[in-house]
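No hydrogens, no waters, no symmetry mates; every other heavy atom, side chains included, goes into these values. Per chain, numbering begins at 1; letters A, B, ... match sequence-line order.
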Amino acid sequence: EAGVAQSPRYKIIEKRQSVAFWCNPISGHATLYWYQQILGQGPKLLIQFQNNGVVDDSQLPKDRFSAERLKGVDSTLKIQPAKLEDSAVYLCASSLDRGTGELFFGEGSRLTVL
Amino acid sequence: AQSVSQHNHHVILSEAASLELGCNYSYGGTVNLFWYVQYPGQHLQLLLKYFSGDPLVKGIKGFEAEFIKSKFSFNLRKPSVQWSDTAEYFCAVNGQKYGNKLVFGAGTILRVKS
């Protein structure tokens, strides 16, 4: 079974530039999550999709972050404009159903903002 | 206040030593509890989970965790660690009082010396 695919693995940008991350979840998984993991901290949920609808985006900084999951499969997370404090690993995860807590994670996209 | 607390950020053990990693959560009520592990260079993966029933849960690779409701704890244990257990371990909780989100602790980096 193919896992959760993410790209790019690494990205270095300057502050005020924009960046986009892509995620392809495990086939058949209805729920997709984007987490932000800052160095030394645990992953923090940014946004959760159920199929192509947003379930929870309460911790997404909506002035600069946006995410979409068109057609209920792939998802894109965008940051525009980036700030220094956005330097982190952005993790995509998927699960068969929401609420189970059994998430399958991708390898993450490491963002460095200079 | 932190919702999920992991007591140690770094732990160093020699092979064959016993391991116990602490995890406490803040809110009561019905919760689901998890330990996730991230081996060097790999993605986060589920180690074990507790939903209900026997509070002593056994996971992969000889790990186990005990849910003690009165102490709001879910400590991870292994009687004898191996060099290959070197990884970062994350405790996570979900439940109604967490907005049905999976909330992670800050993680514990375990290094096992051979």
- Query: Is the number of heavy atoms from other residues, nucleotides or ligands within 6.0 Å of CH2 (Trp22(A)) greater than 12?
  - Reply: yes
- Honestly curious: do Val93(B) and Phe63(B) fall in one hydrophobic cluster under the side-chain, below-4.5 Å linking rule? yes
- For Gln59(A), is it the side chain, the backbone, both or neither that has a heavy atom under 4.5 Å from a heavy atom of chain B? side chain
- Checking heavy atoms, do the side chain of Leu91(A), its backbone, both or neither come under 4.5 Å from chain B? side chain
- Does Tyr36(B) reach the side chain of Leu103(A), with side-chain heavy atoms less than 4.5 Å apart? yes
- Query: Quick one: does Tyr33(A)'s side chain have a donor or acceptor within less than 3.5 Å of a partner on Leu102(B)'s backbone?
  - Reply: no
- Task: Please report the closest heavy-atom contact between Gln37(A) and Phe90(B), naming both atoms and the distance.
- Result: NE2-CZ, 3.2 Å
- Task: Answer yes or no: are there more than 12 heavy-atom neighbours, outside Leu114(A) itself, under 6.0 Å from its atom CG?
- Result: yes
- Check step by step if side-chain contact (heavy atoms from CB on, under 4.5 Å) holds for Glu102(A) and Phe34(B). CA-CA 8 Å; Glu102(A) 297 183 59; Phe34(B) 307 82; 4.2 Å; yes
- NZ of Lys62(A): more than 12 outside heavy atoms within 6.0 angstrom? yes
- Query: Are Tyr89(B) and Phe67(B) connected in the hydrophobic side-chain network, where two residues link if heavy atoms are under 4.5 Å apart?
  - Reply: yes
- Message: Does Glu14(A) have more than 12 heavy atoms from other residues, nucleotides or ligands lying within 6.0 Å of its CD?
- Response: no
- Interchain contact, Glu107(A) with chain B, by part (heavy-atom threshold 4.5 Å): both
- Atom of Ser58(A), atom of Lys101(B) and distance for their closest heavy-atom approach: OG-NZ, 3.6 Å
